Number of protein chains: 2
Amino acid sequence: MSKTAAKDRTQITMRDIARMAGVSESTVSRALAGSQLVAEHTRLRILELARSTKYAVNEHARNLALGQTRTIEVLFPIERGTLQRVSDPFFVDMVAELIDALSTHDYDVLLSTSPPWSEVRPGCAFLGGRADGVIFVGQGRHREEIAEFARDNRIVVTWGAGGRRDEGCVIGTDNVRGGYLAARHLIALGRRQIAFLGDCTLPEIEERYEGYCAALREAGMEPGDALRINAPFDIDGARTVTVGLDRFGRHFDAIFAASDMIAMAAMANLQAAGARIPDDVAVVGFDDVAMAAHMHPALTTVRQNIAEGAQLMTAKIMAMLQGEKPKGEMLPAKLIIRDSCGAPLSMRQESGDQT
Amino acid sequence: MSKTAAKDRTQITMRDIARMAGVSESTVSRALAGSQLVAEHTRLRILELARSTKYAVNEHARNLALGQTRTIEVLFPIERGTLQRVSDPFFVDMVAELIDALSTHDYDVLLSTSPPWSEVRPGCAFLGGRADGVIFVGQGRHREEIAEFARDNRIVVTWGAGGRRDEGCVIGTDNVRGGYLAARHLIALGRRQIAFLGDCTLPEIEERYEGYCAALREAGMEPGDALRINAPFDIDGARTVTVGLDRFGRHFDAIFAASDMIAMAAMANLQAAGARIPDDVAVVGFDDVAMAAHMHPALTTVRQNIAEGAQLMTAKIMAMLQGEKPKGEMLPAKLIIRDSCGAPLSMRQESGDQT
DNA sequence: GCAAAACTTGCAAGCGCTTGCATAACAGTT
DNA sequence: AACTGTTATGCAAGCGCTTGCAAGTTTTGC
């Protein structure tokens, strides 16, 4: 009937409410905003009217008028099509915490997997003032792009590895320290052939490896490529790689996995191959996802404080919104010791085995 | 300097581009939209200008003018504060698939945990025309509210249990069938004391329990409350509950858990208590999260086809956007048999144990 | 009983973008 | 040279909401 299909807006508008209440739009607007400028009884009447008609303010119009969005874009640097699933609970938890933290500040979360620079839609749509700021959850293989993006758009916070150059505000766990703690713990337990499982081309993983190397060297060992196994980040991939682990046979007596998911996959493989954990192989993960404590044996891991991270990122972005220019920060990594590492090998000789 | 702080819009606007290019806003708008109405060279010039100035259309203004949002709100019915974390990979996967499916249709995803009816912000903000439609991922304890919401807002799709009454378009796995398959499988394996772990006050879980009961009755057994253990959905809670499992001692020889997370927690508990899986206790989960295949022993489970579910929900909501009124649908549940159930007990007597 | 000081409300001008319609520019026909 | 098509551009209205300012209505003070 009308010119454009899109124009068939059936939505009830503020004007309708105004008409029904016999007042002007201004008054309705103010009433809904809880302004003191509107008489108590008028406000109540309008509120009631709005409620009964299920009226809802059009956020776009509102944001346009207000020049804000009250929305933060949360971005996963996942290569679409390549890495099909996220699957790693770390991400869920992070998103959940982020939503929590942001909605505390009355911000919505726009979730996306396609980074701004990948937009190929012909013509329009570069970024888009659809959000007041953006949070990158992890850098993936796009450290450079993110850094550049952060430079152009003032309101950007990134979770990942950083602090090196002007990459904007980067928040992350102290991965180097985390890796160091993990490896040092295994060494202290008497392990000598410690394999590293992870994809070192990812900035965060690389840092964890760095820490691992530091611990090894500190103990007088030299990290070798033979013990560095390039496990992809997604669990199916991790499984595939670690399937061959038993072929390594006696070559390693411990594993430091770059993520809990990888650790779990490796553990399952080893167990299936008949290896005992921690007796034959000790395992340490990274993240401390909820499941980690509930494996058998429970997984020793390096905890990333996700809640704190989310809150910190939120705080930073709020500060940026206020015009400040906050620096990145590093959250402490904490080693959570559980059964998957067992007691020191020396003690083991005497007593039976774990616990 | 200016009146309101919010008015300090530093953002470059279409007018700026127009001015710079020496054309009108209309032309810029059309050029950016790839309209045929604008001369090739003009378009190129404008595009180049836009790129170099990092100009981005203001989506709010655009959507306002267009009367659309190109956004779908995805809602988790999580009680904020109560159930702190989602943690269940099922949700991540679902969100990831949803993002994928929706962005294929050029829709953004607005993620939220606070349902529209919970808004308590005084005055304004009821729902908000911030999205063209909403998808509920699970019903939680809000089946009624969701149903009512769906009735008022035409564009709503829900994942969960449904089909009973006018709850709008509900998509979900055939939970009853899934529960039935799981229990029947355990029975066929010779198990007789099958415990059910899950919170039956949740619609979906209740359906799974229903299927479980059906299988039991079919085999001439009567489901009893003694074997029904009310495990919460989140993993820590599940762990807490199942910690006492070993006290049940010989009381059960199998477990059907309402989700993989619960199953994993139960498995870890049982293993820690010295029980062998599947020899002493067979375990079946529900969901087939990525981890399920990578446990030791690998978890037998009922697969929910998340990708298909996400695509179906997306298709439904797109249809609704076109004015159609699609019906809900039930996706088939599929039993994925892995090691956590082992071979039939009868065969077991003869050979050693599993695989 | 009247002016001044509250209180309420409405007007109208935007917010940045899209688009129907009018207009200008420039061929291509007779 | 006048006329009709095309094609490229601009005008201006409008999307639904907010808000400074002005106007109207009470209430208060003396």
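Lettering of chains follows the sequences in order, A, B, ..., and the numbering in each one begins at 1. Predicted, not measured: the structure shown is a model, and the values here were computed from it.
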Distance, rounded to the nearest Å, where A/R43 contributes CZ and C/dT9 contributes C1': 15 Å
Distance-only donor-acceptor check, side chains B/S29 and B/S26, under 3.5 Å: no
Nearest to side-chain heavy atoms of B/L64, which nucleotide of C/dC17, D/dG16, D/dT9: D/dG16
Gap between atoms CG and P, on A/L66 and C/dG16 respectively (whole Å): 12 Å
Gap between atoms CG and P, on A/L37 and D/dA22 respectively (whole Å): 15 Å
Side-chain donor/acceptor contact of A/S26 with base of C/dC11 under 3.5 Å: yes
Minimum-distance nucleotide to A/E25 side chain [options: D/dT18, C/dC21, C/dG16]: D/dT18
Any A/Y55 side-chain nitrogen or oxygen under 4.0 Å from OP1 or OP2 of D/dG16: no
Residue whose closest nucleotide on DNA chain D lies nearer the 5' end, B/T27 versus A/T13: B/T27
Side-chain donor-acceptor contact under 3.5 Å, A/N63 with A/T69: no
Value in whole Å for how far the C1' atom of D/dC15 lies from CG of A/D16: 14 Å
D/dC17 OP1/OP2 closer than 4.0 Å to side-chain N/O of A/R15: no
B/A61 or B/V23, whichever maps to the more 5' nucleotide of DNA chain D: B/V23
Closest to the A/R30 side chain, choosing from C/dC11, D/dC11, D/dC17: C/dC11
Protein-nucleotide distance (A/Q36, atom CD; D/dT18, atom C1'), rounded to Å: 17 Å
Rounded interatomic separation in angstrom, taking CD1 from B/I17 and C1' from C/dT18: 17 Å
Whole-Å gap separating C1' (D/dG14) and CG (B/N63): 16 Å
Salt bridge flag under 4.0 Å for residues A/E167 and A/R151: no
Side-chain N,O (B/S29) to OP1/OP2 (C/dT18) below 4.0 Å: yes
A/T42 vs C/dT9: side-chain N/O to OP1/OP2 distance below 4.0 Å: yes
Given D/dG16, D/dG10, D/dT18, the nucleotide with the shortest approach to the side chain of A/M14: D/dT18
Whole-Å distance separating the CZ atom of B/R19 from the P atom of C/dG16: 11 Å
Presence of B/R62 side-chain N/O under 4.0 Å of C/dG16 phosphate oxygens OP1/OP2: no
Salt-bridge criterion met for B/R62 and B/E59 (N-O under 4.0 Å): no
Salt-bridge present (A/K54, B/E148; N to O < 4.0 Å): yes
